[in-house]
There are 2 protein chains.
Amino acid sequence: MTAPKSAAVAKPPRGGRKEPAAEPAPEAGDMMMGELAELLGYALKRAQLRVFEDFLQCVAPVQLTPAQFSVLLLLDVNPGRNQTEIATTLGILRPNFVAMLDALESRGLCQRTRSPSDRRSHILMLTDKGRATLARAKKLVATRHEARLSELLGEDNRIALLAMLGKIAREF
Amino acid sequence: MTAPKSAAVAKPPRGGRKEPAAEPAPEAGDMMMGELAELLGYALKRAQLRVFEDFLQCVAPVQLTPAQFSVLLLLDVNPGRNQTEIATTLGILRPNFVAMLDALESRGLCQRTRSPSDRRSHILMLTDKGRATLARAKKLVATRHEARLSELLGEDNRIALLAMLGKIAREF
DNA sequence: GGCTATTTGATATAGTTCATAACAATTATC
DNA sequence: GATAATTGTTATGAACTATATCAAATAGCC
């Protein structure tokens with residue numbers, strides 16, 4: 001009931017380099033995890049942190065965070081939306097979305113335009129540079145990040161995992 | 001204490017009822033999610049946030065955060081460990097673990113004792129109150145939280161999900 | 001033994017994320 | 001036309017995360 005497999009500690013076979021990265025447990029090899037191993041929330045958080053960490057590393061050449069990437073993705077498929085719509089769709093509060101957009105716009109990746117029909121709101125659009133950056137980021141994510149996840153889990157399992165996570169987020 | 005007559009402070013719900021809860025997308029019902037629906041990291045984060053939110057609510061009677069609950073769980077199964085061991089096992093940095101322990105200890109849930117063999121380190125143990133609180137929390141988590149998760153996904157799927165998340169955290 | 005290096009808990013501090021209140025400009029509603 | 005609501009924005013605070021540093025204690029080395 002405890003650990004079905006006592007897999008050895010995954011040791012990165014890098015030679016000669018010290019890793020300052022956040023290791024879960026560099027020592028304490030014989031620590032009992034107890035019911036922590038059954039806690040879905042704990043497993044979710046740990047997996048999410050690891051996936052984000054890897055995402056950041058894979059997409060480093062284009063300097064995009066997961067949140068920024070999600071904004072570009074959404075702007076690409078939903079041109080002409082305003083800040084409130086994009087932000088709330090991503091679960092970002094409007095005040096916090098302002099600085100995010102400032103960063104993207106100052107890098108020339110997207111663009112705010114006053115709506116002629118409602119001059120309060122800003123129409124959001126990707127620039128050409130934004131589309132190019134997104135395309136490059138997409139390729140990095142697909143080939144370096146998601147591909148390795150699919151390899152680790154198996155493609156069928158990756159799809160099943162995606163479905164379950166979506167169900168939790170939507171229906172729980 | 002000037003009372004500006006600016007509206008939008010506390011208005012009586014006139015007409016319809018708005019939900020101030022953190023809804024992903026209260027409006028924008030026809031938003032295209034694009035490849036966001038395929039991003040495992042995005043699904044992970046959304047699911048994790050939802051699960052933690054529910055955890056907090058379910059375990060509210062004992063006033064424990066997910067992080068605090070994980071500490072108590074670990075202390076219960078690993079009595080006599082020091083702060084560094086517990087913290088690093090949970091992925092918590094030692095400096096940040098100090099305040100966490102302060103909070104738990106000030107509530108009488110756990111206890112620091114100077115180790116006789118190594119007087120630098122603090123031996124950590126649950127108090128009787130800590131064990132009682134943990135037992136109550138466990139019951140709340142099992143019956144209110146995990147049970148509903150199992151019901152939503154199906155028990156077999158919940159186990160499979162747990163396994164995949166663990167694999168990601170350990171091997172990815 | 002004595003000197004240096006390391007470890008442990010702790011403090012200070014800064015960065016990041018997340019959340020709420022409030023405001024000016026604009027639009028909607030009655 | 002007066003009042004209410006919305007949009008983007010600023011300010012601000014809480015919570016979480018990360019790094020440097022410190023005193024006390026221990027380990028390691030000669």
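Every heavy atom of this structure was used, including side-chain atoms; hydrogens, water molecules and symmetry mates were not. Every chain is numbered from 1 and lettered A, B, ... according to where its sequence line falls, protein lines coming before strand lines.
- Between the axis at the start and the axis at the end of the helix from C/dG1-D/dC30 to C/dC30-D/dG1 there is an angle of 20°, using five pairs per end and rounding to 10 degrees.
- Where A/T65 and B/Q83 each meet DNA chain C at their nearest nucleotide, the meeting point lying more 5' is that of B/Q83.
- A close approach under 4.0 Å does occur between a side-chain nitrogen or oxygen of B/T84 and OP1 or OP2 of C/dG9.
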Find every protein N or O atom lying less than 3.5 Å from an N or O atom of nucleotides 1-7 of chain C, and list the pairs.
from, atom 1, to, atom 2, distance (Å)
C/dT7, O2, B/R120, NH1, 2.7

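- Contacts classified as salt bridge (charged side-chain N to carboxylate O under 4.0 Å, His left out) and involving residues 161-172 of chain A (residues at least two apart or in different chains) are not found.
- Of the side-chain N and O atoms in B/K45, none sit less than 4.0 angstrom from OP1 or OP2 of C/dT17.
- Applying the ring-ring contact (aromatic ring centres under 6.0 Å, His included) test to pairs two or more places apart or on separate chains, none has a residue in residues 86-121 of chain A.
- Scanning for salt bridge (charged side-chain N to carboxylate O under 4.0 Å, His left out) contacts around A/R94 gives an empty result, with sequence neighbours left out.
- Not counting sequence neighbours, A/D156 has no partner by the side chain to side chain donor-acceptor pair (under 3.5 Å) test.
- Applying the ring-ring contact (aromatic ring centres under 6.0 Å, His included) test to pairs two or more places apart or on separate chains, none has a residue in residues 149-168 of chain A.
- Taking 4.0 angstrom as the limit, A/R94 places none of its side-chain polar atoms (N or O) nearer than this to OP1 or OP2 of D/dG8.
- Applying a 4.0 Å cut-off to non-hydrogen atoms, the residues of residues 97-116 of chain B that approach DNA chain C are B/V98, B/R112, listed by residue number.
- Between A/N82 and A/L124 the shortest side-chain heavy-atom distance does not fall below 4.5 Å.
- Atom pair B/L93:CG and C/dT11:P shows a separation of 16 Å (rounding to whole Å applied).
- A/T127 is linked by a side-chain contact (heavy atoms from CB on, under 4.5 Å) to A/Q111, A/K129, counting only residues two or more places apart in sequence or in another chain.
- The closest side-chain donor-acceptor pair between B/R107 and B/Q63, if any, does not fall under 3.5 angstrom.
- Side-chain atoms of A/L56 and A/L64, non-hydrogen and from C-beta on, never get closer than 4.5 Å to each other.
- Each of B/R119 and A/S121 has a nearest nucleotide on DNA chain D; the 5'-most of these lies closest to A/S121.
- Annotation: proximity of residues 66-74 of chain A to DNA chain C (heavy atom, distance under 4.0 Å) is found for no residue.
- A salt bridge links A/D54 with A/R148; the closest basic N to acidic carboxylate O contact falls under 4.0 Å.
- Not a single side chain to side chain donor-acceptor pair (under 3.5 Å) links B/R136 to another residue, sequence neighbours left out.
- Of the candidates A/E155, A/R158, A/H145, A/S150 forms a side chain to side chain donor-acceptor pair (under 3.5 Å) with just one, namely A/E155.
- Residues that satisfy the ring pair (Phe, Tyr, Trp, His ring centres under 6.0 Å) test with B/F69, not counting sequence neighbours, are B/F55.
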